[in-house]
Protein chains: 2
Amino acid sequence: MSLPRIAVDAMGGDEGVHVMVSGAALARRRHEKFQFLLVGDGNKIEQALDQHPGLRAASEILHCDDVVAGDEKPTQALRRARTTSMGLAIDAVKRGAAGAAVSAGNTGALMAMSKVALRTMPGIDRPALAALMPTLGDNDVIMLDLGANTECSAQNLVQFAIMGAAYARIVTGRERPRVRLLNIGTEDTKGTGDLQDAAQALRAAHGLSLDFEGFVEANTINRGAVDVVVTDGFSGNIALKAIEGSARFVTDLLKDAFRSSLRSKIGFLISRPATELLRHHLDPNNHNGAVFLGLNGVVVKSHGSATAAGVANAVAVSARLLEEDLTQRIMADLQELGTDRLRARVASSTVIDSNPADKPEAEAAQ
Amino acid sequence: MSLPRIAVDAMGGDEGVHVMVSGAALARRRHEKFQFLLVGDGNKIEQALDQHPGLRAASEILHCDDVVAGDEKPTQALRRARTTSMGLAIDAVKRGAAGAAVSAGNTGALMAMSKVALRTMPGIDRPALAALMPTLGDNDVIMLDLGANTECSAQNLVQFAIMGAAYARIVTGRERPRVRLLNIGTEDTKGTGDLQDAAQALRAAHGLSLDFEGFVEANTINRGAVDVVVTDGFSGNIALKAIEGSARFVTDLLKDAFRSSLRSKIGFLISRPATELLRHHLDPNNHNGAVFLGLNGVVVKSHGSATAAGVANAVAVSARLLEEDLTQRIMADLQELGTDRLRARVASSTVIDSNPADKPEAEAAQ
C-alpha cells in the first residue's frame, strides 16, 4: 500500500526552514513509508536537505517565494492562497498531491485557508482545533475546540464530541472514549443553555461510539479520567493557556527554590534525573501538533516556536491520522448516527429542556 | 477607633465548627482590634472556644440550629435566610451588627443570600467574586469574576475593572493598578463583541484610577505584570480551576519523579527546604478568601476544605477590607467617574466599534 504524501510548509514558524526540514527528517525515521512535499523557498530547502539525505530521497520540493506573515490577518492571507507556502501546502491536499499538510505558521490564516480550500465534511458545520495534553493516566487527553470558534452552538459542541471521540479512538485505543463537556461545575444546572442542550443531546444519543459522562471542571482535565474534553473555542483556549501558564509558573518557582540555598542546589544536582523526567513530561514539544478536525483532509498546526523534535511530533501526528484514516472514520461515525437525526435531537432536546414532561414522547418520536 | 465586628458562619465548610473557630482565633492574633460574632450551634461553638480564651473574650455567639447544605440550590437556601447560620451572618452585616461576614459554605447560596440581603451598591449592576492568586512578581494578582455571573455584558466587565482596581490598590499599594481583560489573544480584534466593547470603554475612560493595558492571555496571568484580570464568571472559573489543576498536576508529577529511584529519593530529602518553599507558595490556604465585590457590605468566601490557617487568611482578608473601607472606596471611584458617563461610554463605544470613522466625534461629544 502506498501511503499519501505529507505536505510541509517549510517557511512557517519562528525558527525557519532548517527546523521544519530537520523535524520532517526526524519524523520520517519513525514513519519510513511516507513521502514528503516540502513547500517554500527552493534554495533554502535544498540547503537544509544537505544534512538529511534520507528525507531528500523521499521528498519533492514545491518552490514559492511568498510567505504568510505571523501577524497577518486571515482575510489578507486568504488572498495569497495560491502564492504562499502555507496556501500551496493546503492546496496540495485539496488536489490530492498530499494527504495531509503541516504548518507552523499563523494559526488564523491556516484555519481560514484550510476551511476555504478543503471545506468542512458533510454533517459538520464548523471545524475545530484539537490538541493532546498530558495526564496522570496512561493516555493523553484530547481537548477541542481550542480557538477556531469563539462562540459555539449546542450542535457545534455535539459535532466536536463525535470528532474528538474518533481521534481519541486512535490515540487511546478505547472503542468508546470517555467524553465530557467543559463546564464550571458538574451539576446538570451549571453553565450556559448551549452546554445544557449539548449535554442533553449527547445523553439522549444512542448510536454514538463514545461514552458521554457529563461535565468536567477545568481542574480535573489532567487527572486521566476523561479522554475527550469538548468546549467552545474561547473557553478551550483559556483553559489550554491557563494550564500551560500554570505549569510554567510552578516549574519557574521550583527553579527559584532550588537556587535558594547551597543545600537545595546540591539536592537539585542529585535529584536531576527526577526533574529531567518532569521536564520531559511537560515539554510542549512532546505534545506538539494540533489538528483541525472536520475538514476534508488532514491539517496539522505545529507550534511556532517548536524545536525540530516538536516539528517531528506534529508531522508524526499527521502521519498517524493518515495511517488510521481519521477523516474517513469521522465520516463513518456521522453516517452511522445520521446527521439529520442528530440535528433533530439537538433541536428537540432544546424543547425538552424547557418542558421536561415531553421528554419520553420526544425520544420515542425519533 | 472601634472597628466593626466580623460575623463568622461557624457551620459552613467541610471541616466543621472547630476549624472555623480556630481560624478566627488565629486571625484575631494578627488583627487584635477586631470583635467577632460567631453564628451557629451555640454548644459546639462554646466547646470550640474552650481552646481559644482570647477569641472568647472578643466574641459574641449567635445561636441557630439550621445550616445551609453544601449541595443545596441557592433558591432553596434563600428561603431559610432567617434561620441558617449563613443567612444570619449576612443579616448581621445588613443590620450593622457586623461589618463583614465570612462563610465556608455553599458558594451559590452565599452569593444569592448576600445579593438579596445587602443589595448591589449604586452604579454596580452585578456583584463579582474576586480572588487573589500567586504570581512570580512581588504582589498577588486579583481575578474577577470567578463564577458569580456566567454571562457578562461589556458594562458588567467595566464595573468589574473598577471594583477590582479598588481592591488591588489595597493589596498592591499601587495608586493605578494595571488592569487587563482576559482574552484569547492580545490583538484588538480578538474575542467577543462584549470584550471589545469593554476594552474600548476602558481605553476611552479618563477618570479611572487604574491603567487599562488591554488584553491578557491565560498563560501570562501569573507572570507578575498585571494586577487585575477582568473576565466573565464562566471564563474566570475555567481559568482559575485550570490554573489550580495544572499546579496540582505538576506537583503530583514531581512527587512521582522523586519516588522513581533511590537517587531521586535522596535528592528529594536534601532539597526538601526548596520543595517546602514551593509547597508553601502554592498552598491554596495561603491565598484563601474570595470576596464578593459590589455589595453594600463585605462578604468573604472561605474554601470549603480550608484548614484553620486558611480560614484565618479569609478572616484576615475581611478584616483588611474593613480597615481599608473597600466598599466606600469603590463608591468613591464610581462617583468620581460618574456612573451615567460610564454607561454612556459603554453605549457609545459599541457604536464606535461598528463605525470606526465616528470615533473622534463620539469621544468629543462626551
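Proteins get letters first, then strands, A, B, ... in listed order; numbering begins at 1 in each.
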Measure distances from [X] to the heavy atoms of chain A and classify the residue's part below 4.5 Å as side chain, backbone, both or neither.
X: Phe249(B); value: both
X: Leu195(B); value: side chain
X: Leu269(B); value: backbone
X: Arg248(B); value: both

- Note on the structure: Which of Asn222(A), Leu277(A), Val250(A), Leu282(A) passes side chain to side chain contact (heavy atoms under 4.5 Å, CB included) with Leu253(B)? It is Leu282(A)
- Message: Any heavy-atom pair between the side chains of Thr192(A) and Glu151(B) that's under 4.5 Å?
- Response: yes
- Message: For a 4.5 angstrom cut-off between non-hydrogen side-chain atoms, does Lys241(B) reach Leu182(A)?
- Response: no
- May I ask you to name which of Glu217(B), Lys265(B), His281(B), Arg223(B) has the most heavy-atom pairs under 4.5 Å with chain A? Arg223(B)
- Query: For the candidates Asp71(B), Thr135(B), Thr251(B), which exhibits the highest count of non-hydrogen atom pairs separated by less than 4.5 Å from chain A?
  - Reply: Thr135(B)
In terms of heavy-atom pairs under 4.5 Å with chain B, which of [options] leads?
options: Gly191(A), Gly185(A), Pro134(A), Ser261(A); answer: Pro134(A)
options: Thr275(A), Thr231(A), Ile238(A); answer: Ile238(A)
options: Ala242(A), Pro273(A), Ser264(A); answer: Ala242(A)
options: Gly245(A), Ser271(A), Ala239(A); answer: Ser271(A)
options: Gly147(A), Gly233(A), Ala247(A), Ser246(A); answer: Ser246(A)

- Message: Using side-chain contact (heavy atoms from CB on, under 4.5 Å), reason through Asn183(A) and Phe234(B) one step at a time and then give a plain yes or no.
- Response: CA-CA 8 Å; Asn183(A) 202 345; Phe234(B) 192 89; 3.5 Å; yes
- Message: With a 4.5 angstrom heavy-atom cut-off, is it the side chain or the backbone of Thr150(A) that approaches chain B, or both, or neither?
- Response: side chain
- Message: If you count heavy atoms of other groups shown closer than 6.0 angstrom to CZ of Arg272(B), is the number above 12?
- Response: no
